[in-house]
Amino acid sequence: MHFEPVVLFFMLGVFAGLVRSDLKIPASIYEALSIFLLLAIGLQGGVKLAEFSLLELVVPALLILAVGSLIPVLVFPVLRLLGRMTRADSASIAAHYGSVSVVTFSVGVALLIQEDIDFEGYMIVFLVLLEIPALVIGVMLARFGSGHVRWGKLVHEVFFGKSILLLAGGLVIGFIAGAEGIKPLDILFFDLFKGILALFLLEMGLVAAARIAGLRSYGLFLVSFAIITPLLSGILGTVLGWMLGLSVGGTMLLATLYASASYIAAPAAMRIAVPKANPALSIGAALGITFPFNIFLGIPIYFWMAQFIHSF
Amino acid sequence: MHFEPVVLFFMLGVFAGLVRSDLKIPASIYEALSIFLLLAIGLQGGVKLAEFSLLELVVPALLILAVGSLIPVLVFPVLRLLGRMTRADSASIAAHYGSVSVVTFSVGVALLIQEDIDFEGYMIVFLVLLEIPALVIGVMLARFGSGHVRWGKLVHEVFFGKSILLLAGGLVIGFIAGAEGIKPLDILFFDLFKGILALFLLEMGLVAAARIAGLRSYGLFLVSFAIITPLLSGILGTVLGWMLGLSVGGTMLLATLYASASYIAAPAAMRIAVPKANPALSIGAALGITFPFNIFLGIPIYFWMAQFIHSF
Amino acid sequence: MHFEPVVLFFMLGVFAGLVRSDLKIPASIYEALSIFLLLAIGLQGGVKLAEFSLLELVVPALLILAVGSLIPVLVFPVLRLLGRMTRADSASIAAHYGSVSVVTFSVGVALLIQEDIDFEGYMIVFLVLLEIPALVIGVMLARFGSGHVRWGKLVHEVFFGKSILLLAGGLVIGFIAGAEGIKPLDILFFDLFKGILALFLLEMGLVAAARIAGLRSYGLFLVSFAIITPLLSGILGTVLGWMLGLSVGGTMLLATLYASASYIAAPAAMRIAVPKANPALSIGAALGITFPFNIFLGIPIYFWMAQFIHSF
Amino acid sequence: MTAQPMTLLTIVSETVLEDILVDEIMSLGAKGYTITDARGKGTHGTRAGRWTQGGNIRIEVVGNAVLCGRIIERLQAAYEQDYGLLMFTTPVELQN
Amino acid sequence: MTAQPMTLLTIVSETVLEDILVDEIMSLGAKGYTITDARGKGTHGTRAGRWTQGGNIRIEVVGNAVLCGRIIERLQAAYEQDYGLLMFTTPVELQN
Amino acid sequence: MTAQPMTLLTIVSETVLEDILVDEIMSLGAKGYTITDARGKGTHGTRAGRWTQGGNIRIEVVGNAVLCGRIIERLQAAYEQDYGLLMFTTPVELQN
Ligand SMILES: Nc1ncnc2c1ncn2[C@@H]1O[C@H](COP(=O)(O)O)[C@@H](O)[C@H]1O
Ligand SMILES: Nc1ncnc2c1ncn2[C@@H]1O[C@H](COP(=O)(O)O)[C@@H](O)[C@H]1O
Ligand SMILES: Nc1ncnc2c1ncn2[C@@H]1O[C@H](COP(=O)(O)O)[C@@H](O)[C@H]1O
Ligand code: NA
Ligand code: NA
Ligand code: NA
C-alpha cells in the first residue's frame with residue numbers, strides 16, 4: 001500500500017478533536033490556507049496546461065464532464081428510494097458527491113509526486129469544471145420540491161465563488177506567465193505546497209472529528225453510501241481515463257476526482273440554494289466518512305486500479 | 001514594455017472585486033502580509049546599506065528629502081485652485097501623494113530583479129524617510145482651516161506608526177546582522193518575498209475594485225490628477241536620480257518613490273489629524289487610480305525614462 | 001559572547017511596545033505562528049529520535065524528569081517564606097518555573113545550529129515531558145489552600161492542551177515518517193523555522209514590553225527571583241547533563257530547559273486550576289524578566305557552563 | 001443632546017445569510033445596521049464558527065417600531081423555518 | 001408575529017472560562033446562547049485580548065426571569081471573586 | 001444578588017478612534033468598558049472592516065445616567081460631525 005506521510009497530520013487532527021483538545025486553527029488562518037491551496041493548485045495546472053494544445057483537450061474535456069455529471073444523477077434516486085431521504089437532502093448530497101474535493105485531489109497529487117509518477121497537468125482543469133454541473137444539477141433535482149430557487153445567487157456562487165475563482169484565476173495566471181514567469185513564485189506556491197497541505201489536513205482532521213463522532217446518528221445507509229459511492233465513481237473514472245488514453249497518473253487522478261466529495265464549495269452553495277436540506281447530513285457524509293476513506297484507502301485503491309487497467 | 005507577472009494577481013483581485021465574488025483576504029492575514037512586506041523590505045535595505053558609508057549618503061539623502069517635500073507643497077494649490085477642493089481635502093490628498101507606497105516600490109524592485117538590473121540598496125531608506133515630511137506638511141497645510149490639530153498624536157503616528165517602525169526596525173536589524181547573520185532568515189524574508197507580494201496584490205486588487213467602481217463619482221479632475229501627478233513626480237525623481245549619479249535601477253526606484261502615493265500610512269494619519277478630509281477622495285485617487293496606473297504603466301515608463309536619461 | 005541575530009526582533013518588539021506603537025500581531029497570526037513552532041519543533045525532535053533506541057533513553061529520561069520536578073518543589077517555599085506570597089501565587093509561580101518555554105528552547109537550538117554544534121535531538125522529548133509534572137505539582141501545592149481543584153479539567157489541559165498535543169504529535173509524526181518521509185515538508189517546517197521564530201520573537205517583545213514596564217510594581221524580590229532561579233536551574237541542568245554523558249550541545253539545552261519558565265501552557269492551566277493566583281505576577285516574572293534574561297544572557301551563560309564542565 | 005425613543009432590533013442568524021439579510025433590511029427602509037461576528041447554540045444546534053458548521057452574525061438595527069416590525073415579519077416569513085434565527089427588540093434612547 | 005416578554009442576560013467574562021460558563025448556562029436550563037469576542041477594562045484591569053492578558057467574551061442569554069436569576073446567582077457564587085465578571089439584564093421582546 | 005438600576009450606553013464608531021474614545025470615556029469617570037469589533041452602514045457610508053474603509057467598534061459602558069450623559073455630550077461635541085458615530089442608551093439592571 002502506498003503511504004503518504006501527510007495524512008498523519010489528518011490523524012493528529014482527528015485525535016485532537018476526539019480528545020476535545022483546545023487546539024484550533026483560527027478561522028482566518030484556515031481561510032488563508034485554503035486561498036493558498038486553491039491558487040497554488042491552479043498555478044500548477046496553468047503552467048502544465050501551457051504544454052498542451054487546448055484544441056486537443058476539447059473532446060476529452062467534454063467526455064469527462066458528461067460522465068462526471070452522471071454521478072449526481074445516478075446518486076439521487078439511490079438516496080431518495082433506497083435511503084428514503086427527503087428530496088432536498090437527496091439533491092444536496094447528490095451535489096456534494098458530483099462535486100470534487102481539492103484536498104483529496106492534492107493528496108493524490110502528493111502521492112504521485114512522492115512515487116515519482118507523471119500525470120497530465122491539465123487534470124486540474126477538471127477540478128474547476130466538475131464543480132459546476134454538479135451544483136446546477138443538485139439544485140435542479142431539489143427544485144421541484146422546494147418551488148422557489150435563488151438561481152441568480154446560485155449561478156453567481158458557482159462561477160464567482162472563491163473556490164472556482166481562485167482555481168480558475170491561478171490556472172490563467174500560470175498559463176499566461178508560464179514556468180519561466182512563475183519561477184520567483186515557485187518557492188511559495190510549489191515548494192511550500194505540501195507543508196501547507198499538511199497544516200490544512202490537521203484542520204480537516206479537527207473538524208472531521210466532530211463529524212466522525214456523530215456517525216452513529218447518520219444511520220447505516222448513509223455510512224455505506226459514503227464508502228460505496230466513491231468506490232463506484234472511482235471505477236467510472238478509472239475506466240474513462242483508460243479509454244481516453246490518460247497515463248497511469250492521470251487515470252488515478254480522474255478516479256480520485258470522481259470519487260471525491262466536496263465539503264467547501266458545495267455546502268455553501270447548497271445552504272443558500274436548497275435551504276431545506278440538512279447540512280449535517282451532507283457534510284457529515286462527505287467530510288466525516290468519504291474524505292478520510294479516500295485519503296487512507298481510496299487513493300491507494302484508485303492507484304492500484306489505474307495500474308491494473310493499464311497493464312492490459 | 002517590461003511585464004512583471006506578479007501584477008496578474010492584482011488583476012485577478014480586481015476581477016474578483018468587480019464580479020462581487022465572496023473572495024476575501026481575512027483582515028488578520030492582510031495585517032500579517034503587510035508586516036511581512038515591511039520587515040522584509042527593511043531587512044533587504046539594511047543588508048545593502050551596510051555596504052555604503054553612511055556619511056556619503058547624507059547629502060543625497062537631504063536632497064532627496066528636500067525635493068520630495070516639494071511634491072505635497074506643489075500639489076496642494078493645484079487641488080485647491082484648479083480642483084476647487086476644500087482645504088482639508090486638498091491637504092490630505094497632498095499628503096497622500098507626497099508620501100510613498102511600499103507595494104508600488106516592491107513591484108519596482110521585483111521588476112529590476114527580474115530584469116537582472118542592479119540598484120542602490122539604500123533606496124529603501126527613503127521609503128522610510130519620505131513618509132515623514134509628507135504627513136507633517138499635509139497637516140500643516142490643513143491646519144489653518146481646521147484650527148485644532150492633534151500634533152502629539154500625529155508625531156507619534158508618524159514616527160512610531162507600524163509602517164515606519166517595521167521598515168526602520170528591519171533596516172536596523174539588517175544593518176547590524178549583515179548578510180551573514182541574516183542568512184538563516186533569507187528563505188522567509190527574501191525567497192518568499194515575491195510570492196507574498198503576489199498574495200498582497202491579490203488583496204490590493206480586491207479593495208481597489210471598490211474604488212475603481214466608484215471612479216465616476218470622483219470627477220474628471222481627480223482622475224486626471226491621479227494620473228498626471230505620478231508622471232510629473234516620476235520625471236522629478238528621474239532627473240534628480242540622474243543628477244545624483246544613481247544607477248539606472250536606482251534612478252527608476254527614486255522616480256517610483258516620488259510617483260507613488262500612500263494608501264496605508266497616510267490614510268490612517270490623516271483620518272486622525274485632518275478629520276474634515278473625506279477619506280474616500282484621497283484613498284480613491286491613490287488606490288483606485290494611481291496605484292494601478294503605476295504598476296501597469298508608470299513603472300515601465302519610469303524604467304524607460306531612467307534608461308533614456310542615462311543614455312546621455 | 002555568542003550572539004544570535006534573531007533576538008534583535010525581540011528587541012524591536014520591546015521597543016515598539018515601549019513607545020506604544022500601533023504595531024500588533026493579530027491574535028490569529030500569533031496562534032498560527034505558535035502552532036507552527038510547536039509542530040516544527042516536534043517534527044525535528046521526532047526525526048532525530050528515530051536515530052536512538054528508545055530503551056536506552058528510559059533511564060536518562062526518568063532522571064531528567066525527576067530532577068526537573070524538584071524545581072517547583074524547591075521554588076515554592078522560597079516564594080512562600082522569603083517572598084511572603086500567598087499559597088496560590090507561590091504555587092502558580094512554582095509551576096511556571098518548573099515548566100518550560102518552547103521559544104527559549106528554540107533560541108537555544110538556533111544558537112547551536114548557528115555555531116554548528118551538534119546536540120542530542122531527543123532533548124525535544126523533554127520539552128514535552130517536563131511540562132506535565134510541573135503543572136501537576138503546582139496544583140498540588142496550591143490545593144491545600146484553595147480546597148476545590150478542577151482535577152479533571154487540569155489533567156485534560158495538561159495532556160491534551162494544544163502545546164503538548166502539537167509537540168507530541170509532531171514528535172510521533174516525525175518519528176514514523178522519518179527524515180525521508182518528512183523531506184517534502186522540510187522547507188516549511190525546517191528551513192522557515194528561524195524566520196518564523198523571528199516573527200514570534202517580535203510578538204513576544206511586544207507583549208513583554210507591557211510586562212517590563214510594570215516591573216517596579218513586582219518588587220525587588222520577584223525581580224531577583226526571576227533572575228536567580230533560571231541561573232540555579234541552569235546549573236542543575238548543566239551538572240545533570242554532564243553526568244548523563246550528554247554532548248556540549250545537549251547539556252546546554254538541558255540547562256536551558258530547566259532554566260526556562262513557561263508563559264503559554266502554564267498560565268492557561270493555572271488560571272483554571274488555581275484561580276486565586278494573580279496571573280500578572282507569574283506571567284510578569286516569566287515573560288517580563290526571565291524570558292529576556294534567558295535569551296540575552298542566560299543561553300550564552302549555559303553554553304559557556306556546558307563547555308566549561310565538558311572541559312574536565 | 002436630544003434623546004429620541006427608538007427600537008433596537010437584534011437579529012442573530014447564520015453567517016451565510018449576511019448579504020441576503022442586509023439587502024432585506026436596507027430595502028425595508030433601515031437607515032443603517034451594525035454587525036458583529038458571533039457563535040452560539042439554539043434549537044438548530046451549535047454554530048461554533050468553524051467553517052463546516054458555519055458561524056453566526058449578530059445584526060443590530062436601530063429604527064422606529066414600525067420599521068422593526070416590518071423587518072421581523074419579513075425575516076420570520078422567509079428564513080425562520082430553514083435557518084437559525086433569533087430576534088428580539090428593546091426600547092432604546094437614540095442619542096443624536 | 002407574537003412578541004413575548006423575556007429577559008436578556010448579558011455576561012462579560014474571561015475567554016479562558018468560555019467552556020465552563022457555557023456548561024453552567026446550559027445545565028441551568030438555557031435554550032441557547034450567543035457569544036462574541038470582546039476586550040475591555042474593569043476592576044480586574046485591562047483585558048486587551050492579547051494572549052498573555054487574555055481577552056473577554058460577551059455571552060447573551062435570552063430567557064425568562066427565573067432562569068436568568070438562577071444563572072446570575074450561580075456565576076456570582078462561583079466566579080465573581082476570582083475572575084473578571086460583569087452581568088446585567090434588560091427586558092426584551094422575543095420575536096418568534 | 002442585588003440588582004442595581006443602571007444605564008447601558010452603546011457607542012458605535014470608527015476603529016481608528018478606539019484609543020481616543022477609550023481615553024475620553026475613562027477620563028470622564030467610567031469604571032470600565034467593553035469593546036467588540038463590528039462593521040456596518042449608516043449615514044457615513046459602509047464600513048465593511050476592510051482596511052481601506054476601516055471598520056467599526058462597538059463600545060459598551062455601564063454606568064449611572066449622569067456619567068452616560070456626560071460621555072454622550074462630549075462625544076457628540078467632539079466627534080459626531082467628522083466621524084461615523086451612533087449612540088443609544090438602555091436601562092439595565094446591573095447584577096453584582
Ligand atoms: N435563548 C437564546 N439566548 C441567546 N441566544 C440564542 C438563544 N437561542 C438561540 N440563540 C442564538 O441564535 C442562533 C440561532 O438560534 P436557533 O435558530 O434557535 O438555532 C443560535 O446559534 C444562538 O446564537
Ligand atoms: N462599567 C463597565 N462598563 C462596561 N463594561 C465593563 C464595565 N466594567 C467591567 N466591564 C467589562 O467586564 C470585564 C470584567 O470586569 P471586571 O470584573 O470589573 O474586571 C471587563 O474586562 C470589561 O470588559
Ligand atoms: N440605524 C442604525 N442601526 C444600527 N446601526 C447603525 C445605524 N446607523 C448607523 N449605525 C452604525 O453606526 C455606524 C456609524 O454610523 P453613521 O455615523 O450613521 O455612519 C455605522 O457604520 C453603523 O455600524
Ligand atoms: Na465527485
Ligand atoms: Na509620492
Ligand atoms: Na523550567
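Letters A, B, ... are given to chains in the order of the sequence lines, protein chains preceding strands, and every chain is numbered from 1.
- When heavy atoms are compared at a cutoff of 4.5 Å, A:L43 approaches chain B solely by way of its side chain, counted from C-beta outward.
- Taking every heavy atom of both residues into account, B:M123 and B:G250 meet most closely at CE-O, 3.8 Å.
- The two residues B:T290 and B:P230 have their closest heavy-atom pair at CG2-CG, 3.9 Å.
- Heavy atoms of A:I164 lying under 4.5 Å from chain B are absent altogether.
- The contact between A:I173 and chain B is made by backbone and side chain atoms together, counting heavy-atom distances below 4.5 Å.
- In this structure, A:L192 and A:L188 approach most closely via the heavy-atom pair CB-O, 3.3 Å.
- Heavy-atom neighbours of chain A within the stretch residues 9-18 of chain B, taken at a separation under 4.5 angstrom, comprise B:F9, B:L12, B:F15, B:A16.
- Ring geometry, B:F308 versus B:W304: the interplanar angle falls under 30°, so the pair is classed parallel (tilted spans 30 to 60°).
- Per-residue heavy-atom pair counts under 4.5 Å with chain A were compared for B:D191, B:L197, B:I113, B:I196, and the maximum is reached by B:D191.
- Taking the ring centre of B:F119 as origin, the terminal cationic atom of B:K48 falls inside the region bounded by 6.0 Å and 45° from the ring axis.
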Compile the donor-acceptor pairs under 3.5 Å between side chains in residues 278-286 of chain A and protein atoms, sequence neighbours left out, one pair per line.
unit_1, atom_1, unit_2, atom_2, d
A:N278, OD1, A:A280, N, 2.9
A:S282, OG, A:P279, O, 3.3

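- The aromatic rings of A:F189 and A:F36 lie parallel to each other, their planes meeting at an angle below 30°, with 60° marking the opposite boundary.
- Considering every non-hydrogen atom in both B:T251 and B:H310, the closest pair reads OG1-CE1, 2.8 Å.
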